[in-house]
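Side chains included, hydrogens not; waters and symmetry mates left out as well; all remaining heavy atoms used.
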Amino acid sequence: MSEIEAKIESLVPAWLYLPDISERWGVVITEVRNMVKKGELIAVRRGPNKSLQVPAAFIDETGLVKHLLGTVTVLRDSGFNDNEILVWMFTEDSSLPGTPIQALCENRATEVKRRAQAMAW
């Protein structure tokens with residue numbers, strides 16, 4: 001396990017398998033796989049079977065957490081890869097307060113996006 005993979009494991013408290021997301025949203029599994037393929041949803045291979053899993057905090061009952069896709073897009077445009085995005089999203093930021101993903105879930109997206117945009121400079 002790489003250093004960044006170990007960091008992700010320590011930061012992300014809960015994960016969901018793609019079939020679980022499919023069932024929660026009431027869609028076929030191929031829709032969830034297509035979201036991963038198109039980069040709309042970050043999934044990493046984990047566990048003994050190296051199955052694709054998504055941080056549970058990214059998912060709500062009807063879809064992605066509001067503003068998650070826009071924030072991920074800004075970070076990717078700034079040169080972040082998926083692992084770096086996961087670390088950033090789940091790392092405590094005392095000025096928010098909390099983590100960026102917590103702020104998105106609490107509908108405080110403006111500050112999260114502002115910080116993500118500042119990363120590009």
Side-chain angles (χ1 to χ4, degrees):
M1 179 180 295
S2 74
E3 185 177 326
I4 196 162
E5 289 170 332
K7 186 164 188 138
I8 291 167
E9 287 297 320
S10 71
L11 290 171
V12 179
W15 297 87
L16 292 171
Y17 295 97
L18 301 188
D20 296 333
I21 297 168
S22 167
E23 185 177 314
R24 180 178 288 188
W25 290 347
V27 299
V28 293
I29 186 70
T30 53
E31 285 187 46
V32 179
R33 289 188 191 283
N34 285 337
M35 289 179 73
V36 172
K37 190 180 214 177
K38 292 190 287 187
E40 296 172 0
L41 184 59
I42 295 176
V44 295
R45 294 205 173 271
R46 309 178 56 251
N49 296 332
K50 297 292 183 193
S51 58
L52 282 173
Q53 297 178 44
V54 174
F58 286 1
I59 304 300
D60 68 20
E61 292 305 314
T62 60
L64 293 177
V65 166
K66 190 174 179 182
H67 300 290
L68 176 66
L69 182 55
T71 303
V72 167
T73 299
V74 168
L75 291 168
R76 282 192 178 128
D77 289 349
S78 299
F80 280 58
N81 65 36
D82 285 357
N83 286 338
E84 293 165 334
I85 291 170
L86 289 174
V87 168
W88 187 81
M89 292 292 289
F90 287 90
T91 298
E92 287 282 330
D93 182 339
S94 60
S95 67
L96 273 173
T99 65
I101 189 60
Q102 286 171 324
L104 289 180
C105 291
E106 294 167 1
N107 207 20
R108 296 184 286 133
T110 303
E111 276 305 306
V112 174
K113 286 184 179 180
R114 188 173 298 142
R115 283 169 175 73
Q117 289 168 338
M119 306 286 284
W121 302 105

| said: If the test is salt bridge (charged side-chain N to carboxylate O under 4.0 Å, His left out), which one of Arg115, Arg108, Lys113 qualifies with Glu111? | reply: Arg115
| query | Just wondering, do Val112 and Trp88 contact through their side chains at under 4.5 Å, heavy atoms? | reply | yes
| OG1-NE2 distance between Thr73 and His67, expressed to the nearest 0.5 angstrom | 13.0 Å
| Backbone of Glu92 reached by a side-chain donor or acceptor of Thr99 within 3.5 Å | no
| request: Give, for atom CG of Leu11 and atom CD of Glu9, the distance between the pair rounded to the nearest 0.5 Å. | output: 10.0 Å
| query | Can you tell me if Glu84 uses its side chain to pair, donor with acceptor, with the backbone of Asn81 under 3.5 Å? | reply | yes
| request: Please determine which of Leu104, Leu16, Leu86, Val12 meets the side-chain contact (heavy atoms from CB on, under 4.5 Å) test together with Phe58. | output: Leu86
| message | If you define the side chain from C-beta out and look only at heavy atoms, does anything of Pro100 sit under 4.5 Å from Thr71? | response | no
| Linking I/L/V/M/F/W/Y whenever their side-chain heavy atoms sit closer than 4.5 Å, directly or via other members, would Ile29 and Met35 fall into one cluster? | yes
| said: Just so I know, are the side chains of Ile59 and Leu41 near enough to count as touching, which here means a heavy-atom distance under 4.5 Å? | reply: yes
| Shared ILVMFWY cluster between Trp15 and Tyr17, side chains joined below 4.5 angstrom? | no
| message | Donor-acceptor pair, distance only, cut-off 3.5 Å: does the side chain of Ser22 make one with the backbone of Leu18? | response | no
| query | What's the shortest heavy-atom distance between Ala116 and Ser78, and which atoms? | reply | O-OG, 3.9 Å
| message | Could you check whether Arg24 pairs with Asp60 (Lys NZ or Arg NE/NH1/NH2 to Asp/Glu carboxylate O, under 4.0 Å)? | response | no
| query | Hey, any chance Leu96 and Ile85 share a hydrophobic cluster, counting ILVMFWY side chains that come within less than 4.5 Å of each other, even indirectly? | reply | yes
| Going from CD1 on Ile21 to CZ on Arg33, what distance comes out if it is rounded to the nearest 0.5 angstrom? | 10.5 Å
| task | Could you check if a side-chain atom of Leu68 sits within less than 4.5 angstrom of a side-chain atom of Ile101, using non-hydrogen atoms only? | result | yes
| said: With a 6.0 Å cut-off (strictly less than), is the heavy-atom count around CD of Glu5, excluding the residue itself, greater than 12? | reply: yes
| Are Val36 and Ile8 co-members of a hydrophobic cluster defined by side-chain heavy atoms under 4.5 Å apart? | yes
| said: Is the shortest side-chain heavy-atom distance between Asn83 and Lys7 below 4.5 Å? | reply: no
| message | Rounded to the nearest 0.5 Å, what separates atom CD1 in Ile42 from atom CG in Leu52? | response | 12.5 Å
